[in-house]
Asks: 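The structure under discussion is supplied below as structure tokens; questions concerning it will follow.
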Amino acid sequence: MYIRKPFSTMKYHLTSLLWILFLSSACTDHRDESAQIPENGAQIEVSITLPATTSRTELEPDGITTRWSSGDQIALWATNGSATPLIAAPFTLWHFEATYPTALFTATIDPMPAGNYTYAAVYPLPATHNGTIVNYDLPAQQAGSADGRYAVMVARPITGSALEAGRNPDFGLHFIHKLHILKITIPAQKNLLGAPVTRLTMTFPAPVAGKITFDVADNTSAPVLSESSNTLTLNFSTPVDAGSTFWAVIAPANMTGGKITFKAYSDTTESEPVTMEGKNFQAAHTTPIQLTIPKAQTAVAQH
């Protein structure tokens, strides 16, 4: 039941439910069984206290499609040129509909004056924001897993009426990825190091990690990278071996004409370096890499 607080408080909160049409990639049907679906459109308050670090958008095994996960949050902006009633307002996944790729998000917001607004959104919640400028941290140390904290996406701005209490259907936000994903596989019998790999370093001819900044109001703008690093290190909690597939997320960059150097480490030794030609690593794309781990590096004799 929706309960209005006394008018003497000068404001009240309402629960707005958004249909998020996740058209950037196919979504897998999912429902948060811990939540009860409201009957007959009855209004409910949904907690949005989950920290951003627990949000994740999981990659499917093909490394291309993405699906929403329980606890995911997006940040939403709404402006009409003279007022901005929503600034990075957190909306939390309620559930997937049976007919995906629609996902229902919810938030508790102050009522919006009637009228038309331009809406913009990002996933996940930004580390910091200033107006429509958002910042994310893309670390140079990653775990090799498909971590949704780095699946940074921005929605194409849309125009719509003010959000009202209850379900707001046909609120279509089309999300696109801002970063690039590397899907790395060690083929069968191609770990020549002779031991499982606990760490892999990749040195690129251009910066790939650091502080990512972009404007959510311009979904086509390239992210700006600062406090950057050309080296990305994957530290595996479970060592990888021949047949393993793992992931890395990098800032988009055209590295055509350059070289990328890989070096693998086990608990007791390290491999010789191996290089591959750089490519144009575009945003919203995945590059598959078949990586042969070289043999152990020969120790240099000491005189």
Side-chain angles (χ1 to χ4, degrees), residues 25 28 30 32 50-73 93 123-127 136-153 177-204 207-212 227-251 260-274 276 281 286-297:
S25 55
T28 299
H30 176 82
D32 185 351
L50 289 175
T53 53
T54 64
S55 298
R56 58 196 178 92
T57 301
E58 295 180 353
L59 288 172
E60 298 290 7
D62 62 10
I64 301 171
T65 57
T66 311
R67 64 183 174 90
W68 295 109
S69 298
S70 178
D72 275 343
Q73 292 180 295
L93 178 67
Y123 170 89
L125 299 186
Y136 290 91
D137 295 319
L138 181 59
Q141 301 274 339
Q142 298 180 18
S145 58
D147 193 328
R149 289 176 297 172
Y150 314 139
V152 177
M153 298 185 290
H177 286 265
K178 295 295 286 184
L179 304 179
H180 187 92
I181 297 171
L182 302 178
K183 181 183 179 182
I184 306 171
T185 298
I186 305 174
Q189 301 180 344
K190 293 299 183 178
N191 180 7
L192 308 183
L193 184 61
V197 176
T198 58
R199 177 164 54 100
L200 181 72
T201 62
M202 296 171 279
T203 302
F204 297 82
V208 293
K211 183 178 180 180
I212 302 288
E227 302 173 21
S228 59
S229 172
N230 288 42
T231 299
L232 183 67
T233 301
L234 301 183
N235 297 295
F236 304 108
S237 57
T238 300
V240 297
D241 209 336
S244 296
T245 295
F246 43 92
W247 316 87
V249 180
I250 62 173
I260 304 168
T261 301
F262 297 82
K263 195 169 186 178
Y265 300 80
S266 71
D267 286 333
T268 59
T269 189
E270 61 188 68
S271 75
E272 295 178 341
V274 62
M276 65 168 276
F281 297 112
T286 298
T287 296
I289 297 174
Q290 299 288 312
L291 180 64
T292 296
I293 303 299
K295 63 183 180 180
Q297 185 168 277

Asks: Could you give the distance from CG (L182) to OG1 (T287), rounded to the nearest 0.5 Å?
Replies: 6.0 Å

Asks: Before giving the answer on side chain to side chain donor-acceptor pair (under 3.5 Å), spell out for T261 and T203 the whole-Å C-alpha distance, their side-chain angles and the decisive distance to 0.1 Å.
Replies: CA-CA 5 Å; T261 301; T203 302; 5.9 Å; no

Asks: Taking L193's backbone N and O only, do any of them form a donor-acceptor pair with T269's side chain (distance below 3.5 Å, no angle check)?
Replies: no

Asks: Let me confirm one number: the CD-CD distance from E272 to Q297, rounded to the nearest 0.5 Å.
Replies: 6.5 Å

Asks: Please round to the nearest 0.5 Å and tell me the distance separating atom CG of D72 and atom OH of Y123.
Replies: 3.5 Å

Asks: Taking atom CG of L138 and atom CG of L179, what is their separation to the nearest 0.5 Å?
Replies: 6.0 Å

Asks: With heavy-atom distances below 4.5 Å as the criterion, would you say the side chains of L234 and R199 are in contact?
Replies: no

Asks: Would you check if the side chain of Q142 reaches a backbone N or O of V249 as a donor-acceptor pair within less than 3.5 Å?
Replies: yes

Asks: Could you tell me whether K190 atom NZ has more than 12 heavy atoms of other residues or ligands within 6.0 Å of it?
Replies: no

Asks: side-chain contact (heavy atoms from CB on, under 4.5 Å), that's the test. Do I186 and Q290 meet it? Break it down for me.
Replies: CA-CA 6 Å; I186 305 174; Q290 299 288 312; over 6 Å; no

Asks: Walk me through it: do I289 and M276 pass the test side-chain contact (heavy atoms from CB on, under 4.5 Å)?
Replies: CA-CA 10 Å; I289 297 174; M276 65 168 276; 4.0 Å; yes

Asks: Residues two or more places apart in sequence or in another chain: which of them pass ring pair (Phe, Tyr, Trp, His ring centres under 6.0 Å) with F281?
Replies: H180

Asks: Say whether, by atom type as modelled, one donor and one acceptor occur between the side chain of Y136 and the main chain of P124 under 3.5 angstrom.
Replies: yes

Asks: Just wondering, do I250 and L232 contact through their side chains at under 4.5 Å, heavy atoms?
Replies: yes

Asks: Just verifying a value: how many Å separate T233 OG1 and K263 NZ, rounded to the nearest 0.5 Å?
Replies: 12.0 Å

Asks: What do the steps show when you test F262 against T201 for side-chain contact (heavy atoms from CB on, under 4.5 Å), and what is the final call?
Replies: CA-CA 6 Å; F262 297 82; T201 62; over 6 Å; no

Asks: Can you tell me if S266 uses its side chain to pair, donor with acceptor, with the backbone of T268 under 3.5 Å?
Replies: yes

Asks: Hey, what do you get for OG (S244) to CD1 (I293), rounding to the nearest 0.5 Å?
Replies: 9.5 Å

Asks: Would you mind reporting whether M202 and V208 have side-chain heavy atoms less than 4.5 Å apart?
Replies: no

Asks: Considering only distance and modelled atom types, tabulate donor-acceptor pairs under 3.5 Å from the side chains of residues 235-243, sequence neighbours left out.
Replies:
{"from": "N235", "atom 1": "ND2", "to": "Q141", "atom 2": "OE1", "distance (Å)": "2.5"}
{"from": "D241", "atom 1": "OD1", "to": "N191", "atom 2": "ND2", "distance (Å)": "2.8"}

Asks: I need the minimum non-hydrogen distance between A127 and D137, along with the two atoms involved.
Replies: CB-OD2, 4.1 Å

Asks: Under the side-chain contact (heavy atoms from CB on, under 4.5 Å) criterion, do T231 and F204 qualify, and how do the steps go?
Replies: CA-CA 6 Å; T231 299; F204 297 82; over 6 Å; no

